[in-house]
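Only heavy atoms go into these numbers, but all of them, side chains included; no hydrogens, no water, no symmetry mates.
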Amino acid sequence: KSAVETTDWHKVAEDRFVQRVAEDMAKDLKAGEFSSFVLAAPAVALGEFRKASTSALTDATIMEIDKDLTNHPIDKIEKIVVKALEDAKA
């Protein structure tokens with residue numbers, strides 16, 4: 001067995017994508033494009049987002065949903081987010 005681990009380029013690309021999203025969102029937040037948001041992503045992406053997030057962006061996050069919604073239609077995503085928000089109030 002090799003002592004050197006092989007690089008998972010797919011994970012590297014995913015992590016960079018999440019970091020770019022966090023950077024863009026931080027700029028948009030600072031520009032007043034939004035004041036709060038709900039973040040829905042798989043657990044690994046949520047972790048990467050937290051690492052890349054500014055404190056202002058973290059403060060603007062009202063909820064995190066640990067779920068991959070990539071292939072869901074918009075109406076299904078809306079229902080999932082609304083239900084999560086309602087459940088959090090209960």
Side-chain angles (χ1 to χ4, degrees):
K1 247 183 171 182
S2 173
V4 178
E5 290 187 35
T6 57
T7 302
D8 182 346
W9 293 109
H10 183 76
K11 172 137 178 41
V12 169
E14 285 179 345
D15 291 351
R16 286 185 183 152
F17 171 76
V18 171
Q19 291 163 1
R20 282 194 304 271
V21 168
E23 289 168 6
D24 288 347
M25 288 183 69
K27 288 176 191 169
D28 290 347
L29 176 64
K30 190 172 184 178
E33 298 292 325
F34 64 92
S35 59
S36 62
F37 67 101
V38 173
L39 179 62
V44 173
L46 287 174
E48 277 305 310
F49 188 87
R50 283 186 212 113
K51 284 194 275 184
S53 185
T54 62
S55 60
L57 199 55
T58 300
D59 291 345
T61 308
I62 58 173
M63 175 179 281
E64 291 182 353
I65 301 172
D66 179 3
K67 189 168 181 80
D68 186 349
L69 302 176
T70 303
N71 294 316
H72 289 65
I74 297 294
D75 63 322
K76 177 84 168 158
I77 294 171
E78 287 176 351
K79 288 176 185 168
I80 290 168
V81 172
V82 168
K83 183 176 182 336
L85 289 168
E86 288 172 349
D87 290 350
K89 288 182 183 178

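- With a 4.5 Å cut-off on side-chain heavy atoms, Phe37 and Ile62 do not count as touching.
- In this view, Lys11 and Asp15 satisfy the salt bridge (charged side-chain N to carboxylate O under 4.0 Å, His left out) rule, not counting sequence neighbours.
- Pairing each heavy atom of Ala22 with each of Ala52, the nearest pair is CB-CB, 3.8 Å.
- Residue pairs meeting the side-chain hydrogen bond (donor to acceptor under 3.5 Å, both in side chains) criterion with at least one partner in residues 18-35, sequence neighbours excluded, are absent.
- Nearest approach of Val18 to Ala45, heavy atoms of both residues: CG1-O, 3.8 Å.
- The shortest heavy-atom contact between Thr61 and Leu57 is OG1-O, 2.9 Å.
- Ile65 and Leu46 fall into different hydrophobic clusters, defined by Ile, Leu, Val, Met, Phe, Trp and Tyr side-chain heavy atoms under 4.5 Å apart, directly or through other members.
- At a threshold of 4.5 Å between non-hydrogen side-chain atoms, the residues Phe17 and Glu48 do not count as touching.
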Distance-only donor-acceptor pairs under 3.5 Å for side chains of residues 69-90, two or more places apart:
unit_1: Thr70; atom_1: OG1; unit_2: Asp68; atom_2: OD1; d: 2.5
unit_1: Lys83; atom_1: NZ; unit_2: Asp87; atom_2: OD2; d: 2.7

